[in-house]
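Below: one structure, written as structure tokens.
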Number of protein chains: 2
Amino acid sequence: MTRGAGRGGSSAAPRSVDVARVAGVSQKTVSRVFNDEPYVSAEVRRRVLDAAEQLGYRRNNAARALASGRTRSIGVVTLGTALYGPASLLMGVERVVRDTGYALRVVNTMEGDPAGVAGAVGSLLDQGVDGIVISEPIDEIDEGRAEPDASPRVDVPVLVIGAPSPVTAPAVLTAGDCAEVMARTATEHLLALGHRTVHHLAGPQRWYAARDRLEGWRATLDDHGRDVPPVVHGDWSAPSGYAAGRRLAEDPDVTAVFAANDDMAIGLIRALTEAGRRVPEDVSVVGFDDIPVSAYVNPPLTTVRQPFDAVAQEGLKRLVHVIENPEADHLPPSDPPIDLIVRASTAPPPSRTTPARERRTTA
Amino acid sequence: MTRGAGRGGSSAAPRSVDVARVAGVSQKTVSRVFNDEPYVSAEVRRRVLDAAEQLGYRRNNAARALASGRTRSIGVVTLGTALYGPASLLMGVERVVRDTGYALRVVNTMEGDPAGVAGAVGSLLDQGVDGIVISEPIDEIDEGRAEPDASPRVDVPVLVIGAPSPVTAPAVLTAGDCAEVMARTATEHLLALGHRTVHHLAGPQRWYAARDRLEGWRATLDDHGRDVPPVVHGDWSAPSGYAAGRRLAEDPDVTAVFAANDDMAIGLIRALTEAGRRVPEDVSVVGFDDIPVSAYVNPPLTTVRQPFDAVAQEGLKRLVHVIENPEADHLPPSDPPIDLIVRASTAPPPSRTTPARERRTTA
DNA sequence: TTGAAAGCGCTAACAG
DNA sequence: CTGTTAGCGCTTTCAA
């Protein structure tokens with residue numbers, strides 16, 4: 001093979017020996033300079049840097065990885081959706097990964113993908129990564145099953161965001177497992193407004209995120225000794241929220257609904273409104289995520305803002321720490337901030353003496 | 001260094017020679033099997049595969065890349081936002097990249113990032129990629145400037161989505177440059193409804209996407225010999241749409257607005273509604289993107305759906321073709337489908353009994 | 001503070 | 001059909 005083949009360049013890419021020759025030093029010295037190793041005189045460092053610049057030298061990452069056994073990259077497994085939550089998380093992860101000097105490799109797991117998380121993780125391992133982030137995995141691996149091809153031998157540290165780990169690895173960290181608390185916050189808000197109970201429009205139960213929110217909601221109701229009404233299920237989408245809303249609208253007892261995400265909340269509100277149930281006068285609705293349009297829909301949506309950036313940042317800091325200090329103690333997780341954003345979609349329940357239809361809104 | 005160091009495994013990772021030994025063949029034969037090269041008897045192939053399975057063998061990608069000069073990965077430069085457009089595009093790209101057998105590396109350019117696209121591309125080149133996708137770049141490089149550190153020497157094929165190329169490379173492909181046509185479609189729709197002219201709520205002009213939409217709108221108006229009212233600018237966000245809406249609401253001549261994305265359209269509608277201008281009775285609004293909630297906001301939004309998946313798929317197919325056949329002719333681009341989704345936010349203008357035209361003193 | 005030598009694990013020719 | 005021989009461009013010893 002010709003030097004530089006595959007790079008498509010007209011001239012071969014310069015290597016560290018080329019830089020060394022130009023700078024009049026050994027190849028090893030060039031290596032030292034580029035790795036910020038000590039014991040290089042300022043004078044030599046300058047010469048090397050100049051030569052590199054002049055030649056347009058760029059370190060060959062494959063050679064580095066091969067020689068050092070470290071790829072300096074982190075792989076992330078995400079769902080292949082543009083849903084606000086997963087997408088925000090991915091962006092947060094990218095930012096931190098880059099800040100910590102690692103490169104990012106991304107593999108999606110589509111819903112219904114037969115290989116699922118295991119396949120995605122395997123693919124990342126094939127590519128070569130020093131650590132793996134699994135963002136919001138959903139159920140697809142049977143629990144308790146340990147067949148080697150189902151849950152691949154992961155020999156790098158893993159950070160799992162928003163779920164218990166679907167893989168076994170020498171070091172497993174978790175982050176962002178605060179959905180339950182957030183769901184409590186949302187539910188408590190509704191209860192504090194005077195609602196007798198709160199209905200829940202849940203996400204798909206294969207998602208831990210959905211289950212956690214449901215759990216938080218149910219636990220809050222239990223704690224307050226309230227009825228736990230039947231759960232309505234959606235698929236995160238506005239259409240599914242709309243469908244749920246039509247059903248919920250038929251039940252006059254429904255005065256407060258906690259939706260597991262904003263998209264569903266928006267669909268829900270539309271259905272409620274079309275059915276003649278005003279929001280928030282007749283029914284209060286709380287969403288989850290605080291997507292960008294939530295403040296501007298009609299009515300502006302009360303919701304819980306997820307601390308995506310904080311979760312990504314904190315989790316990755318810990319992951320990188322484990323990667324670079326395999327023996328050291330893990331950094332302790334910290335609790336991310338949780339914000340309940342109260343807007344106009346929640347209000348006290350309609351007074352019970354007056355039928356809703358006779359109430360008048362003054363504008 | 002110890003074998004397998006950096007992988008953190010308790011035992012060293014098996015190499016192809018190990019597999020070869022177990023299978024009783026040469027190392028090269030193992031390589032043949034794993035590369036699906038011809039001239040390996042079924043019998044030998046089986047033995048190799050069995051041995052590999054037994055050992056838990058995984059090819060070392062760094063060594064492969066070093067020896068072959070190909071990294072088998074594609075890098076993508078995206079904006080670091082969870083905006084629906086960029087995020088959808090990224091997901092579409094991931095899917096296709098994986099389908100074509102490449103790995104994906106991702107680098108974001110944050111707005112205000114000093115290094116910008118050039119820095120991101122450089123980082124990808126450092127990491128080692130066989131091709132680069134630049135998704136919706138925004139202006140940050142001075143045009144016409146050719147300093148080496150400003151626009152790095154890109155020696156791999158580049159696919160630019162939704163913009164002219166901000167870099168020079170041996171092969172530059174473009175895709176998704178249909179925003180102008182889509183903007184025309186939106187504007188024509190409004191004109192066909194009977195509106196005298198159409199106002200435009202534009203995106204930030206550093207984005208090509210925003211400029212293209214503006215151009216399409218302006219050209220359509222010109223073609224029909226209509227007034228081109230002053231452009232209102234937003235920043236893609238719902239709040240900015242809201243702010244624009246307050247201004248637009250004061251002008252009774254405004255009967256139709258084409259917003260450069262759905263988020264702004266939603267903010268705009270809210271402002272219009274609050275100001276007592278009904279949508280669509282008094283003012284029609286068309287958005288752009290068809291984000292998931294658009295069908296469920298109030299009123300459901302008429303919008304233009306961007307063919308993200310089609311654009312990603314088509315563009316990448318061409319990019320991969322160039323990577324693998326540097327000498328061959330480029331595959332021809334094809335036109336992605338454009339869908340105007342007509343919902344309830346557009347309608348004919350209010351009847352012209354009030355002499356709005358008399359008030360127009362400046363054009 | 002610097003350099004020389006020896007691989008890292010694989011693919012690319014070229015023989016058989 | 002299969003094996004041999006060289007590297008790919010670095011990092012890592014170890015020596016100076």
Of A/I132, A/V96, A/V129, A/L319, which is the lone residue that meets side-chain contact (heavy atoms from CB on, under 4.5 Å) with A/I74?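 Result for side-chain contact (heavy atoms from CB on, under 4.5 Å) with A/I74: A/L319.
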Proximal nucleotide (of [options]) relative to the [X] side chain:
| X | options | result |
| --- | --- | --- |
| A/K28 | C/dC10, D/dT12, C/dG3 | D/dT12 |
| B/N60 | D/dT2, C/dC10, C/dC8 | C/dC10 |
| B/Q27 | C/dC10, D/dT12, C/dG9 | C/dC10 |
| B/L66 | C/dC10, D/dC10, D/dC8 | D/dC8 |
| A/T29 | C/dC10, C/dG7, C/dG3 | C/dG3 |

Using a 4.0 Å heavy-atom cut-off across all strands, classify A/V17 as base, sugar-phosphate, or nothing.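 Nothing: the residue A/V17, judged by heavy atoms under 4.0 Å, touches no strand.
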Check every strand shown and say whether A/Y57 touches a base, only sugar-phosphate, or nothing at a heavy-atom separation below 4.0 Å.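 Result for A/Y57 = sugar-phosphate.
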Can a donor-acceptor pair be found, under 3.5 Å and without considering hydrogens, that links the side chain of [X] to the backbone of [Y]?
| X | Y | result |
| --- | --- | --- |
| A/E94 | B/N108 | yes |
| B/R64 | B/R59 | no |
| A/R318 | A/T174 | yes |

Hey, which of B/R21, B/Q27, B/K28 is the one that makes side chain to side chain donor-acceptor pair (under 3.5 Å) with B/S16?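 Going through the options one by one, the only one that passes is B/Q27.
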Send over the distance from [X] [atom1] to [N] [atom2], rounded to a whole Å.
| X | N | atom1 | atom2 | result |
| --- | --- | --- | --- | --- |
| B/R64 | C/dC8 | CZ | C1' | 16 Å |
| B/Y39 | C/dA15 | OH | P | 17 Å |
| B/N35 | C/dG9 | CG | P | 17 Å |
| B/F34 | C/dG9 | CZ | C1' | 13 Å |
| A/R15 | D/dC8 | CZ | P | 7 Å |
| B/R70 | C/dA12 | CZ | C1' | 14 Å |
| B/D18 | C/dG9 | CG | C1' | 10 Å |
| A/E37 | C/dT1 | CD | P | 13 Å |

Counting only side-chain N and O atoms of [X], is one of them less than 4.0 Å from OP1 or OP2 of [N]?
| X | N | answer |
| --- | --- | --- |
| B/S31 | C/dC10 | no |
| A/N61 | D/dC10 | no |
| B/S16 | C/dC10 | yes |
| B/S26 | D/dG3 | yes |

Below 4.5 Å, heavy atoms only, C-beta onward: do B/Y102 and B/I323 meet side chain to side chain?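 Of all side-chain heavy-atom pairs linking B/I323 with B/Y102, at least one is under 4.5 Å.
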Using heavy atoms and a sub-4.0 Å distance, could you list which residues of residues 40-52 of chain B are near DNA chain C? By number, please.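 The answer is none.
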Salt-bridge test for A/D126 and B/R58: reply yes if a basic N is under 4.0 Å from a carboxylate O, no otherwise.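 Yes.
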So that I can tick it off, tell me whether B/R47 and B/D50 are bridged by a salt bridge, with the cut-off set at under 4.0 angstrom between side-chain N and carboxylate O.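 No, B/D50 and B/R47 are not salt-bridged.
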Would you kindly check whether a donor in the side chain of A/R58 faces an acceptor in the base of D/dG9, or vice versa, at under 3.5 angstrom?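 Result: no qualifying N/O pair found.
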Got a donor-acceptor pair under 3.5 Å from the side chain of B/R32 to the base of D/dT2?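 Present.
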